[in-house]
Amino acid sequence: MSRDVFDTAERALNAESGHTTVWSNLGYWRDQSQYPKAAEALARLLADAVDLGAQDAVLDLGFGMGEQLRLWRQAYGVQTLHGVNASASQNAVARQCVADADYQLSEGHAETVLPLPGAPAFSKVLMLDCAYHFVSRASVLGRLRGHLTPDARVGLTDLYLPRAPSAAEAMALRGMCALSRIPYGNLLSREAYCQQLVQAGLRVQRFTDITAEVFAPFAAWWRRYGARHSFPLRDRLKFATTARFIAAAARRATLGYALVVARPLSDGGGPG
Ligand SMILES: C[S@@+](CC[C@H](N)C(=O)[O-])C[C@H]1O[C@@H](n2cnc3c(N)ncnc32)[C@H](O)[C@@H]1O
């Protein structure tokens with residue numbers, strides 16, 4: 001059976017909600033011990049950082065199996081949303097999550113689907129735990145030009161490099177990126193990351209390192225959860241490899257995780 005590059009395997013991580021959720025991010029574990037709650041907490045952290053609300057016109061890139069779409073609708077009252085996600089199998093699940101909403105969901109890579117002809121100017125753009133997977137984050141950010149209201153906010157939770165890796169560390173990072181479908185060029189220092197946003201006509205309003213609340217606790221949770229649940233071997237290897245790698249990366253500070261909020265450069269307001 002052929003599988004999408006990004007598929008629905010992460011459904012299996014959601015047993016603690018009785019499989020009523022379909023999250024597939026790394027989670028924000030500060031006050032959580034179960035995966036579905038931690039994944040929701042990461043989504044809420046992002047939504048709250050951009051002040052998501054009912055009046056927003058939202059562009060959501062990399063929405064996975066759509067659990068976040070359900071959250072935006074039910075908890076934040078979002079009515080107007082265009083989503084772009086790279087996976088047919090995930091999008092089929094997502095459509096069920098928001099069958100009652102008037103959301104426009106497109107299938108494809110954001111770097112080819114954008115710009116969206118005839119779309120409204122978006123007041124919020126969300127990239128929840130996905131931009132590091134884009135074939136080119138720079139290209140996607142560049143394609144937001146012309147899609148944003150003057151006071152729009154663009155929010156991401158994303159990987160970055162907290163320090164320059166040694167040659168051996170860079171080799172290990174490259175290997176992990178290849179296994180995890182992360183283009184290595186998307187891993188940037190904080191300075192280069194902010195510069196990439198500037199080149200797309202955005203200025204960084206907030207860049208908060210949240211590595212400690214994401215990497216090690218996800219890995220610790222996986223060790224407990226993985227021991228108690230069965231998975232197809234391929235999926236177990238994927239989750240176990242991710243967990244081991246990010247735990248090691250957190251210990252050695254070779255990889256970091258950040259909450260980022262940016263605004264159009266033309267917006268004259270100061271930091272919010
Ligand atoms: C780690 S998952 C996170 C999913 C979701 N945001 C969540 O929190 O559950 C990464 C997502 O990025 C999507 N993705 C990867 N590359 C993409 C691209 N170039 N354009 C749009 N979506 C992409 C994948 O289909 C996948 O759903």
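Treat the numbers as computed from the prediction; the structure is a model and nothing was measured.
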J.: Hey, could you give me the CZ/SG distance between Arg70 and Cys97, rounded to the nearest 0.5 Å?
T.: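 If I round to the nearest 0.5 Å, the distance is 4.0 Å.
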
J.: So does Glu107 pair up with Arg95, basic N to acidic O under 4.0 Å?
T.: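 Salt bridge: no.
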
J.: With a 4.5 Å heavy-atom cut-off, do Leu13 and Trp222 have their side chains touching?
T.: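 In contact.
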
J.: In this structure, which one of Tyr225, Phe231, Trp221, Phe218 forms a ring-ring contact (aromatic ring centres under 6.0 Å, His included) with Phe239?
T.: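 Of all the options given, the one that passes is Phe231.
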
J.: Roughly how far, to the nearest 0.5 Å, is CG of Asp60 from OG of Ser106?
T.: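 So the gap between those two atoms works out to 11.5 Å.
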
J.: For the atom pair CZ (Arg244) and CZ (Arg223), what is the distance rounded to the nearest 0.5 Å?
T.: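 Going from CZ on Arg244 over to CZ on Arg223, the span is 10.0 Å.
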
J.: Any ion pair linking Lys37 and Glu40 (charged N to carboxylate O, less than 4.0 Å)?
T.: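 A salt bridge is absent here (no side-chain N lies under 4.0 Å from a carboxylate O).
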
J.: If you define the side chain from C-beta out and look only at heavy atoms, does anything of Tyr160 sit under 4.5 Å from Leu187?
T.: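 With C-beta onward as the side chain, the pair stays apart.
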
J.: Can you confirm whether Arg163 is buried at CZ, in the sense that more than 12 heavy atoms of other residues, nucleotides or ligands lie under 6.0 Å from that atom?
T.: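 Check passes, neighbour count above 12.
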
J.: Do Leu128 and Val98 belong together in a cluster built from hydrophobic side chains that touch within less than 4.5 Å?
T.: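 Same hydrophobic cluster.
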
J.: Should Leu259 and Arg206 count as side-chain neighbours, where that means a heavy-atom distance under 4.5 Å?
T.: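 In contact.
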
J.: Do Val78 and Arg73 come close enough that some side-chain heavy atom pair is under 4.5 Å?
T.: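 No, every pair of side-chain atoms sits at 4.5 Å or beyond.
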
J.: One pair to check against side chain to side chain donor-acceptor pair (under 3.5 Å): Gln196 and Arg137. What are the steps and the verdict?
T.: CA-CA 9 Å; Gln196 191 170 77; Arg137 187 198 298 107; 2.8 Å; yes

J.: May I ask you to test the Tyr193-Leu156 pair for a side-chain heavy-atom distance under 4.5 Å?
T.: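 Counting from C-beta outward, Tyr193 and Leu156 do come under 4.5 Å.
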
J.: Calculate, to the nearest 0.5 Å, the distance between atoms OG1 and NZ belonging to Thr80 and Lys124 respectively.
T.: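 So the gap between those two atoms works out to 12.5 Å.
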
J.: Return the CG to CG distance between Leu46 and Leu52, rounded to the nearest 0.5 Å.
T.: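 Rounded to the nearest 0.5 Å, the CG-CG separation comes to 8.5 Å.
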
J.: Can you tell me which residue among Leu26, Thr157, Asp129 is in a side chain to side chain contact (heavy atoms under 4.5 Å, CB included) with Val214?
T.: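 Result for side chain to side chain contact (heavy atoms under 4.5 Å, CB included) with Val214: Leu26.
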
